[in-house]
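These numbers were taken from a predicted model, which means no experiment stands behind them. These values consider heavy atoms only, across backbone and side chains, with no hydrogens, waters or symmetry-generated copies. We're numbering straight along the sequence, starting at 1.
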Amino acid sequence: MTPMVKAEGVHKSYGAAHILRGIDLEVQNGEVFCLIGPSGSGKSTFLRCINHLEKINAGRLYVDGELVGYRQKGDKLYELKDSEVALQRRDIGMVFQRFNLFPHMTALANVMEAPIQVKGETKAVARERAERLLDRVGLGDKAGNYPSQLSGGQQQRVAIARALAMEPKLMLFDEPTSALDPELVGDVLDVMRDLAESGMTMVVVTHEMGFAREVGDSLVFMDGGVVVESGHPRDVLTKPQHDRTKAFLSKVL
(Lines give C-alpha, C1' and ligand atoms only; values in the text may rest on other atoms or scores of the structure.)
Protein backbone atom coordinates (compact mmCIF):
# COMPACT_ATOMS: atom_id res chain seq x y z
CA MET A 1 0.00 0.00 0.00
CA THR A 2 1.10 3.57 -0.66
CA PRO A 3 2.15 5.25 2.61
CA MET A 4 0.05 8.26 3.59
CA VAL A 5 3.27 10.18 4.31
CA LYS A 6 6.70 9.36 2.96
CA ALA A 7 9.81 11.44 3.67
CA GLU A 8 13.01 10.79 1.75
CA GLY A 9 16.15 12.60 2.86
CA VAL A 10 14.30 15.75 3.93
CA HIS A 11 16.51 18.72 4.81
CA LYS A 12 15.43 22.16 6.02
CA SER A 13 17.63 25.13 6.84
CA TYR A 14 17.06 28.70 7.93
CA GLY A 15 20.21 30.45 6.80
CA ALA A 16 23.09 28.75 8.59
CA ALA A 17 20.76 26.88 10.96
CA HIS A 18 20.32 23.31 9.70
CA ILE A 19 17.00 22.26 11.29
CA LEU A 20 16.25 18.96 9.51
CA ARG A 21 19.18 16.80 8.54
CA GLY A 22 17.91 14.04 6.28
CA ILE A 23 14.60 12.75 7.62
CA ASP A 24 13.47 9.35 6.30
CA LEU A 25 10.19 7.94 7.57
CA GLU A 26 6.83 6.54 6.50
CA VAL A 27 3.34 6.94 7.97
CA GLN A 28 0.89 4.24 6.92
CA ASN A 29 -2.77 4.83 6.13
CA GLY A 30 -4.87 4.79 9.31
CA GLU A 31 -1.82 5.07 11.57
CA VAL A 32 -1.34 7.34 14.58
CA PHE A 33 2.27 8.44 14.24
CA CYS A 34 3.76 10.33 17.21
CA LEU A 35 6.83 12.58 17.16
CA ILE A 36 8.59 13.36 20.44
CA GLY A 37 11.81 15.10 21.33
CA PRO A 38 13.27 18.18 23.01
CA SER A 39 12.38 21.71 22.00
CA GLY A 40 14.27 22.70 18.87
CA SER A 41 14.71 19.14 17.61
CA GLY A 42 12.83 19.83 14.35
CA LYS A 43 9.52 18.11 15.12
CA SER A 44 7.21 21.05 14.40
CA THR A 45 9.29 22.13 11.41
CA PHE A 46 8.93 18.68 9.89
CA LEU A 47 5.19 18.72 10.50
CA ARG A 48 4.90 22.08 8.70
CA CYS A 49 6.91 20.71 5.78
CA ILE A 50 4.32 17.96 5.25
CA ASN A 51 1.77 20.50 4.02
CA HIS A 52 4.37 22.87 2.55
CA LEU A 53 3.92 25.61 5.14
CA GLU A 54 7.70 25.30 5.21
CA LYS A 55 9.62 24.65 2.00
CA ILE A 56 12.21 21.90 2.18
CA ASN A 57 15.74 22.49 0.89
CA ALA A 58 16.46 18.92 -0.21
CA GLY A 59 14.77 15.55 -0.39
CA ARG A 60 11.20 14.55 -1.18
CA LEU A 61 7.94 14.55 0.76
CA TYR A 62 4.90 12.64 -0.47
CA VAL A 63 1.33 12.57 0.83
CA ASP A 64 -0.71 9.63 -0.43
CA GLY A 65 1.80 9.11 -3.23
CA GLU A 66 1.72 12.73 -4.43
CA LEU A 67 4.84 14.90 -4.24
CA VAL A 68 4.12 17.83 -1.91
CA GLY A 69 4.84 21.36 -3.09
CA TYR A 70 6.74 20.42 -6.22
CA ARG A 71 6.47 18.83 -9.64
CA GLN A 72 9.30 16.64 -10.83
CA LYS A 73 10.49 16.65 -14.44
CA GLY A 74 13.44 14.42 -15.05
CA ASP A 75 15.83 15.01 -12.18
CA LYS A 76 14.62 18.54 -11.46
CA LEU A 77 11.96 19.83 -9.09
CA TYR A 78 9.75 22.79 -9.93
CA GLU A 79 7.80 24.48 -7.16
CA LEU A 80 4.04 24.42 -7.59
CA LYS A 81 1.99 27.60 -7.82
CA ASP A 82 0.30 28.79 -4.64
CA SER A 83 -3.07 27.73 -6.04
CA GLU A 84 -1.78 24.20 -6.69
CA VAL A 85 -0.31 23.95 -3.19
CA ALA A 86 -3.65 25.13 -1.78
CA LEU A 87 -5.36 22.25 -3.59
CA GLN A 88 -2.98 19.78 -1.94
CA ARG A 89 -3.62 21.32 1.48
CA ARG A 90 -7.35 20.71 1.16
CA ASP A 91 -6.68 17.06 1.99
CA ILE A 92 -4.46 17.84 5.00
CA GLY A 93 -5.98 19.16 8.21
CA MET A 94 -3.73 20.90 10.71
CA VAL A 95 -4.25 21.80 14.37
CA PHE A 96 -1.74 24.21 15.89
CA GLN A 97 -0.59 24.91 19.45
CA ARG A 98 -2.57 28.14 19.35
CA PHE A 99 -6.12 27.83 18.20
CA ASN A 100 -6.13 30.55 15.50
CA LEU A 101 -9.92 30.82 15.46
CA PHE A 102 -11.53 33.84 13.84
CA PRO A 103 -12.45 35.96 16.90
CA HIS A 104 -15.36 37.70 15.17
CA MET A 105 -17.07 34.41 14.21
CA THR A 106 -19.04 31.97 16.33
CA ALA A 107 -17.82 28.41 16.79
CA LEU A 108 -20.29 27.28 14.14
CA ALA A 109 -19.19 29.92 11.65
CA ASN A 110 -15.51 29.08 12.24
CA VAL A 111 -16.18 25.46 11.30
CA MET A 112 -18.33 26.39 8.29
CA GLU A 113 -15.97 28.94 6.78
CA ALA A 114 -13.39 26.84 4.91
CA PRO A 115 -15.82 24.46 3.15
CA ILE A 116 -17.80 27.46 1.90
CA GLN A 117 -14.82 29.58 0.83
CA VAL A 118 -12.44 26.86 -0.37
CA LYS A 119 -14.74 24.10 -1.62
CA GLY A 120 -17.69 26.25 -2.66
CA GLU A 121 -20.19 24.36 -0.54
CA THR A 122 -23.59 25.81 0.18
CA LYS A 123 -24.22 27.23 3.64
CA ALA A 124 -26.81 24.54 4.30
CA VAL A 125 -24.39 21.70 3.57
CA ALA A 126 -21.57 23.34 5.52
CA ARG A 127 -23.86 24.07 8.47
CA GLU A 128 -25.11 20.48 8.70
CA ARG A 129 -21.56 19.12 8.79
CA ALA A 130 -20.37 21.82 11.21
CA GLU A 131 -23.19 21.05 13.64
CA ARG A 132 -22.38 17.35 13.43
CA LEU A 133 -18.68 17.97 14.04
CA LEU A 134 -19.29 20.26 16.99
CA ASP A 135 -21.45 17.52 18.48
CA ARG A 136 -18.65 15.05 17.85
CA VAL A 137 -16.13 17.16 19.81
CA GLY A 138 -18.66 17.70 22.62
CA LEU A 139 -19.51 21.31 21.84
CA GLY A 140 -22.90 21.11 20.18
CA ASP A 141 -24.28 23.44 22.85
CA LYS A 142 -21.55 26.05 22.17
CA ALA A 143 -22.23 26.57 18.45
CA GLY A 144 -23.33 30.17 18.96
CA ASN A 145 -20.45 31.13 21.26
CA TYR A 146 -17.54 33.29 20.16
CA PRO A 147 -13.94 32.19 20.90
CA SER A 148 -13.66 34.72 23.74
CA GLN A 149 -16.57 32.94 25.43
CA LEU A 150 -14.83 29.53 25.30
CA SER A 151 -12.05 28.00 27.39
CA GLY A 152 -8.74 27.14 25.77
CA GLY A 153 -9.68 23.47 25.62
CA GLN A 154 -13.01 24.28 24.01
CA GLN A 155 -11.32 26.54 21.46
CA GLN A 156 -8.90 23.75 20.58
CA ARG A 157 -11.78 21.32 20.09
CA VAL A 158 -13.43 23.86 17.76
CA ALA A 159 -10.12 24.06 15.89
CA ILE A 160 -10.14 20.27 15.48
CA ALA A 161 -13.74 20.39 14.20
CA ARG A 162 -12.72 23.16 11.77
CA ALA A 163 -9.89 21.03 10.39
CA LEU A 164 -12.20 18.03 10.04
CA ALA A 165 -14.78 20.11 8.16
CA MET A 166 -12.61 19.90 5.05
CA GLU A 167 -12.86 16.08 5.24
CA PRO A 168 -9.09 15.58 5.15
CA LYS A 169 -7.37 12.24 4.63
CA LEU A 170 -4.52 13.27 6.95
CA MET A 171 -4.53 15.24 10.21
CA LEU A 172 -1.45 16.99 11.60
CA PHE A 173 -1.34 17.99 15.28
CA ASP A 174 1.41 20.35 16.45
CA GLU A 175 1.51 19.97 20.25
CA PRO A 176 -2.25 20.59 20.45
CA THR A 177 -2.37 20.52 24.26
CA SER A 178 0.79 22.47 25.12
CA ALA A 179 -1.00 25.82 25.50
CA LEU A 180 -3.76 24.40 27.71
CA ASP A 181 -4.20 24.35 31.46
CA PRO A 182 -3.63 20.79 32.73
CA GLU A 183 -7.29 20.19 33.60
CA LEU A 184 -8.33 20.99 30.01
CA VAL A 185 -5.94 18.58 28.30
CA GLY A 186 -8.05 15.45 28.78
CA ASP A 187 -11.02 16.65 26.74
CA VAL A 188 -8.81 17.41 23.73
CA LEU A 189 -7.01 14.07 23.99
CA ASP A 190 -10.39 12.29 24.19
CA VAL A 191 -11.37 13.86 20.85
CA MET A 192 -8.06 12.73 19.35
CA ARG A 193 -8.60 9.19 20.67
CA ASP A 194 -12.03 9.16 19.02
CA LEU A 195 -10.43 10.27 15.75
CA ALA A 196 -7.84 7.52 16.01
CA GLU A 197 -10.49 4.90 16.63
CA SER A 198 -12.36 6.08 13.54
CA GLY A 199 -9.29 5.29 11.41
CA MET A 200 -8.02 8.82 10.74
CA THR A 201 -4.35 8.98 9.78
CA MET A 202 -2.67 11.30 12.27
CA VAL A 203 0.83 12.71 12.72
CA VAL A 204 1.08 14.11 16.25
CA VAL A 205 3.89 16.18 17.72
CA THR A 206 3.31 15.76 21.43
CA HIS A 207 4.69 15.86 24.96
CA GLU A 208 1.80 13.68 26.16
CA MET A 209 3.65 10.40 26.61
CA GLY A 210 0.57 8.63 27.96
CA PHE A 211 -1.34 9.46 24.78
CA ALA A 212 1.57 8.29 22.62
CA ARG A 213 1.80 5.02 24.53
CA GLU A 214 -1.95 4.30 24.58
CA VAL A 215 -3.05 5.56 21.17
CA GLY A 216 0.06 5.68 18.98
CA ASP A 217 0.95 3.00 16.45
CA SER A 218 4.46 4.31 15.80
CA LEU A 219 6.73 6.70 17.66
CA VAL A 220 9.80 8.62 16.55
CA PHE A 221 12.24 10.36 18.88
CA MET A 222 13.95 13.29 17.16
CA ASP A 223 16.92 15.31 18.31
CA GLY A 224 19.18 17.70 16.45
CA GLY A 225 17.15 17.40 13.26
CA VAL A 226 17.54 13.64 12.89
CA VAL A 227 15.52 10.54 13.78
CA VAL A 228 17.40 9.08 16.74
CA GLU A 229 15.09 6.15 17.49
CA SER A 230 11.78 4.79 16.23
CA GLY A 231 9.45 1.89 16.86
CA HIS A 232 6.26 0.94 18.65
CA PRO A 233 5.51 3.55 21.34
CA ARG A 234 5.57 1.06 24.22
CA ASP A 235 8.94 -0.29 23.12
CA VAL A 236 10.56 3.12 22.67
CA LEU A 237 9.11 4.53 25.90
CA THR A 238 9.83 1.53 28.13
CA LYS A 239 12.93 0.03 26.50
CA PRO A 240 14.78 2.82 24.68
CA GLN A 241 17.94 1.66 22.95
CA HIS A 242 19.75 4.95 22.38
CA ASP A 243 21.45 6.86 25.21
CA ARG A 244 20.00 10.16 23.98
CA THR A 245 16.49 8.71 24.07
CA LYS A 246 17.09 7.36 27.58
CA ALA A 247 18.29 10.77 28.78
CA PHE A 248 15.28 12.58 27.32
CA LEU A 249 12.73 10.11 28.68
CA SER A 250 14.31 10.18 32.15
CA LYS A 251 13.31 13.84 32.34
CA VAL A 252 9.76 13.61 30.96
CA LEU A 253 8.40 10.31 32.28
Side-chain angles (χ1 to χ4, degrees), residues 4-5 27-34 47 50-51 53 63-64 86-177 179-180 183-206 208 211 214-217:
M4 182 58 74
V5 179
V27 181
Q28 304 306 322
N29 192 28
E31 186 174 29
V32 178
F33 191 98
C34 296
L47 202 71
I50 293 175
N51 63 359
L53 287 175
V63 171
D64 203 17
L87 280 175
Q88 290 185 327
R89 287 199 190 114
R90 284 170 54 161
D91 293 327
I92 306 171
M94 187 158 186
V95 178
F96 300 88
Q97 295 180 36
R98 297 291 174 178
F99 327 120
N100 297 331
L101 299 177
F102 297 117
H104 63 289
M105 291 184 178
T106 64
L108 184 69
N110 264 281
V111 180
M112 290 172 59
E113 181 71 1
I116 292 171
Q117 298 298 331
V118 178
K119 296 174 77 173
E121 289 186 354
T122 66
K123 286 187 177 181
V125 170
R127 174 182 286 272
E128 188 279 328
R129 184 189 299 111
E131 289 174 344
R132 178 163 36 85
L133 287 170
L134 286 173
D135 279 337
R136 183 176 182 180
V137 300
L139 294 173
D141 61 336
K142 303 292 185 182
N145 287 43
Y146 289 89
S148 62
Q149 299 169 316
L150 301 171
S151 71
Q154 290 170 334
Q155 290 185 60
Q156 191 62 294
R157 284 184 280 155
V158 173
I160 294 172
R162 181 177 60 179
L164 291 173
M166 289 294 287
E167 300 183 310
K169 55 189 174 186
L170 171 66
M171 284 284 285
L172 309 177
F173 291 88
D174 188 6
E175 298 189 26
T177 60
L180 302 179
E183 68 267 22
L184 302 177
V185 168
D187 290 338
V188 173
L189 294 180
D190 286 343
V191 171
M192 294 172 66
R193 284 188 184 91
D194 174 68
L195 272 182
E197 289 170 4
S198 74
M200 174 64 73
T201 308
M202 301 159 61
V203 182
V204 185
V205 173
T206 186
E208 300 291 340
F211 174 86
E214 296 163 26
V215 183
D217 299 298

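- Taking the side chain as every heavy atom from C-beta outward, V95 and D174 never approach each other to under 4.5 Å.
- With hydrogens and angles disregarded, no donor-acceptor distance shorter than 3.5 Å links the side chain of Q97 to the backbone of P176.
- Q156 and T177 share no side-chain donor-acceptor pair at under 3.5 Å.
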Sequence neighbours excluded and cut-off under 3.5 Å, please list the side-chain donor-acceptor pairs for residues 138-146, or say none.
none

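- At a threshold of 4.0 Å, the pair R193-E197 does not count as salt-bridged, since none of the basic side-chain nitrogens sits closer than that to a carboxylate oxygen.
- With salt bridges taken as basic N to acidic carboxylate O contacts below 4.0 Å, none links R90 and E167.
- No donor-acceptor distance shorter than 3.5 angstrom exists from the side chain of N51 to the backbone of R89, with no hydrogens or angles considered.
- Side-chain N or O atoms of R157 include none that pairs as donor or acceptor with a backbone N or O of V188 at under 3.5 Å.
- Summarising the geometry of M200 relative to P168, their closest heavy-atom pair is CE-O, 3.6 Å, with the distance given to 0.1 Å.
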(request) Check the pair M202 / F33 against side-chain contact (heavy atoms from CB on, under 4.5 Å), numbers first and verdict last. (result) CA-CA 6 Å; M202 301 159 61; F33 191 98; over 6 Å; no
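- Listed for the Q154 side chain is no donor-acceptor partner under 3.5 Å among the backbone atoms of P147.
- Residue L195 holds its CG atom at 11.5 Å from CG of L189, rounded to the nearest 0.5 Å.
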(request) Using the side-chain contact (heavy atoms from CB on, under 4.5 Å) rule, take L170 and D91 through it: C-alpha gap first, then chi angles, then the decisive distance, then the call. (result) CA-CA 7 Å; L170 171 66; D91 293 327; over 6 Å; no
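- Between the side chain of R162 and the main chain of N110, no donor-acceptor pair closer than 3.5 Å is present.
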